[in-house]
Amino acid sequence: MVIPARNEEHRLGPCLRALPADPAVTEVIVVDDESSDGTARLAAALGARVVPGRPLPDGWVGKQWALHQGLREARGEIVVTLDADTRPRPGLFAALAAALDDHDLVSAGPRFVCDGLAEQALHASFLATLVYRFGPIGPPVPPPPHRVMANGQCLAFRREAMLRADGFARVRRHMTDDVALARALAADGWKVGFLDARDLLEVDMHESAAEVWREWGRSLPLGDVTHPAWQAADLAVVWLAAALPVLRLAAGRPTRLDLGLLAVRLLLTTALRPAYARPGMGVALSLLLDPAAAVRLTQATLRPVRTWRDRAYPTAPTSAFPTRTVPATRIAPATQIAPATQIAPATQIAPATRTTGHATRTAPASAEVTKPPVPGQAPQDARVAKGAHASPAGEVTQVMPVKGGGRPAPPARSGDR
């Protein structure tokens with residue numbers, strides 16, 4: 001298990017304390033991304049193996065660079081990545097490992113922890129914009145690669161396959177890296193699953209409504225991986241279907257269409273309640289904030305921000321539709337995993353009764369602090385083509401069933417492609 005962490009001393013503890021209770025975890029690696037607080041000290045005290053992150057190379061975003069290093073330090077067949085603000089429960093890693101029998105890349109949607117009425121209401125309104133743009137959970141027809149969704153708060157994959165794909169290097173410039181990674185790999189033929197793990201994973205993303213507005217709001221447009229035409233279409237959907245009906249109702253001039261759309265929004269409000277650890281009036285009142293959510297989405301689309309954790313990143317060109325690419329620097333002969341042909345109806349992820357391979361387990365309490373091998377020069381750009389999207393952390397829009405079925409079709413060598 002790999003956790004990228006930069007100045008996460010105040011949030012990392014609950015995540016690390018939960019891991020020893022899960023027998024499927026065989027190793028915990030915390031990549032300390034040049035933190036200025038006590039992140040590394042806390043991680044070592046709680047039993048993790050701390051990997052001091054190397055200085056950030058030009059052209060990389062910090063999280064991808066940390067994951068790139070952590071992947072090369074991991075020893076297990078299966079690697080699970082978690083954000084520092086997650087709170088895993090026993091059974092999560094076994095369930096993810098079992099899901100990899102049927103998928104090549106798996107991400108898990110959590111249950112959200114929101115403290116306070118305003119924070120929960122704004123968060124639920126932002127979450128509703130994703131449902132409007134990408135549809136309900138478990139679409140009967142699989143989306144094309146440029147509409148695949150993923151949640152970077154929790155990812156699982158086979159280590160060797162990701163090393164061959166050099167996935168984190170391929171999306172090293174993206175602020176919305178999770179869906180950029182999923183869509184690039186889906187275009188290569190990887191079978192990508194987005195699982196409902198709300199009974200096995202919680203996440204406390206933000207500390208206030210202001211932080212939800214500032215931090216999550218900026219990533220809602222998925223701008224650095226979304227073609228401008230798709231961004232315009234997404235904005236139109238949110239304004240016409242969610243924001244304007246509320247505004248016309250407030251003005252006392254709703255049409256029949258407005259009332260119908262508001263009824264749909266009320267049904268969506270009910271469907272969103274299980275996504276929250278303590279659903280309250282905030283979820284119920286979230287539709288009243290839909291105009292504000294539309295304003296924030298528009299603002300973030302027109303004025304994108306590329307800063308995170310006191311780092312500023314240069315503007316990256318809008319990604320195009322993902323195509324099959326071969327990384328400039330290979331670790332082993334590239335492979336391709338057979339593409340999925342069908343997505344079954346959504347089911348809820350549950351603790352698995354068997355696992356494939358090994359995730360990572362907690363190191364002894366006397367954790368060692370090791371230095372990673374000096375990586376080579378950052379690989380050359382492996383750009384993807386027009387239309388790719390990425391998503392902010394934490395949304396569940398496409399759900400794949402967790403089965404105990406067979407493993408994905410064996411990959412073919414890149415030379416045979």
Side-chain angles (χ1 to χ4, degrees), residues 2 4 31 57 59-61 63-81 96-97 99-107 144-146 148-152 154-174 176-194 225 319-340 356-357 359-360 372 375-385 388-391 400 407-417:
V2 176
V31 182
W60 283 78
V61 171
K63 182 176 181 181
Q64 290 92 292
W65 176 235
L67 290 171
H68 182 80
Q69 296 173 84
L71 176 62
R72 280 151 179 76
E73 288 290 318
R75 303 186 184 106
E77 176 189 352
I78 290 173
V79 174
V80 175
T81 70
L96 291 170
L100 287 173
D101 285 349
D102 298 312
H103 306 91
D104 309 314
L105 176 69
V106 175
S107 68
H146 73 283
V148 168
M149 296 293 286
N151 173 28
C154 179
L155 295 173
F157 46 82
R158 298 187 185 279
R159 177 178 176 273
E160 291 301 321
M162 187 62 74
L163 285 171
R164 288 191 292 267
D166 207 9
F168 297 116
R170 289 171 60 178
V171 298
R172 60 187 177 271
R173 286 182 168 83
H174 291 287
T176 45
D177 59 285
D178 44 9
V179 175
L181 175 66
R183 289 173 176 173
L185 296 178
D188 282 354
W190 283 46
K191 188 176 180 181
V192 178
F194 195 164
V225 288
S319 226
F321 189 85
T323 57
R324 294 178 181 177
T325 56
V326 178
T329 302
R330 301 184 189 178
I331 298 170
T335 62
Q336 177 188 344
I337 298 179
T356 301
T360 36
Q377 183 178 355
Q380 301 296 319
D381 282 344
R383 298 181 184 270
V384 292
H389 301 263
S391 81
M400 302 293 298
R407 296 175 61 178
R413 296 183 179 273
S414 60
D416 298 331
R417 289 165 56 184

Once you round to the nearest 0.5 Å, how far does [atom1] of [X] lie from [atom2] of [Y]?
| X | Y | atom1 | atom2 | result |
| --- | --- | --- | --- | --- |
| Leu163 | Leu71 | CG | CG | 4.0 Å |
| Met162 | Leu67 | CE | CG | 9.5 Å |
| Lys191 | Leu185 | NZ | CG | 15.5 Å |
| Arg164 | Arg159 | CZ | CZ | 10.5 Å |
| Trp60 | Asp177 | CH2 | CG | 11.0 Å |
| Leu96 | Phe157 | CG | CZ | 11.5 Å |

Closest non-hydrogen atom pair, [X] against [Y]:
| X | Y | answer |
| --- | --- | --- |
| Ala156 | Leu100 | O-CD2, 3.7 Å |
| Ser107 | Leu155 | CB-CD2, 3.5 Å |
| Val31 | Ala66 | CG2-O, 3.6 Å |
| Gln64 | Arg172 | NE2-O, 3.6 Å |
| Asp178 | Ala150 | OD2-O, 3.6 Å |
| Val192 | Ala182 | CG2-O, 3.8 Å |

>> Could you walk me through whether Phe168 and Lys63 satisfy the side-chain contact (heavy atoms from CB on, under 4.5 Å) test, starting with their C-alpha distance in whole Å, then the side-chain angles of each, then the deciding distance to 0.1 Å, before giving a yes or no?
In response: CA-CA 9 Å; Phe168 297 116; Lys63 182 176 181 181; over 6 Å; no
> Is the shortest distance from a Lys or Arg side-chain nitrogen in Arg170 or Asp188 to a carboxylate oxygen in the other one below 4.0 Å?
Replying inline: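 Yes.
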> Does the distance from a Lys or Arg side-chain N to an Asp or Glu carboxylate O, for Glu77 and Arg158, drop under 4.0 Å?
Replying inline: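 A salt bridge is present here (some side-chain N lies under 4.0 Å from a carboxylate O).
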>> If we ignore hydrogens and angles and just use 3.5 Å, is the side chain of Asp104 paired with the main-chain N or O of Trp190 as donor and acceptor?
In response: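 Looks like no, no N/O pair under 3.5 Å.
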>> side-chain contact (heavy atoms from CB on, under 4.5 Å) for His174 and Leu181? Distances and angles first, verdict last.
In response: CA-CA 9 Å; His174 291 287; Leu181 175 66; over 6 Å; no
> Are any of the side-chain heavy atoms of His68 and Asp166 separated by less than 4.5 Å?
Replying inline: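 A side-chain contact under 4.5 Å exists here.
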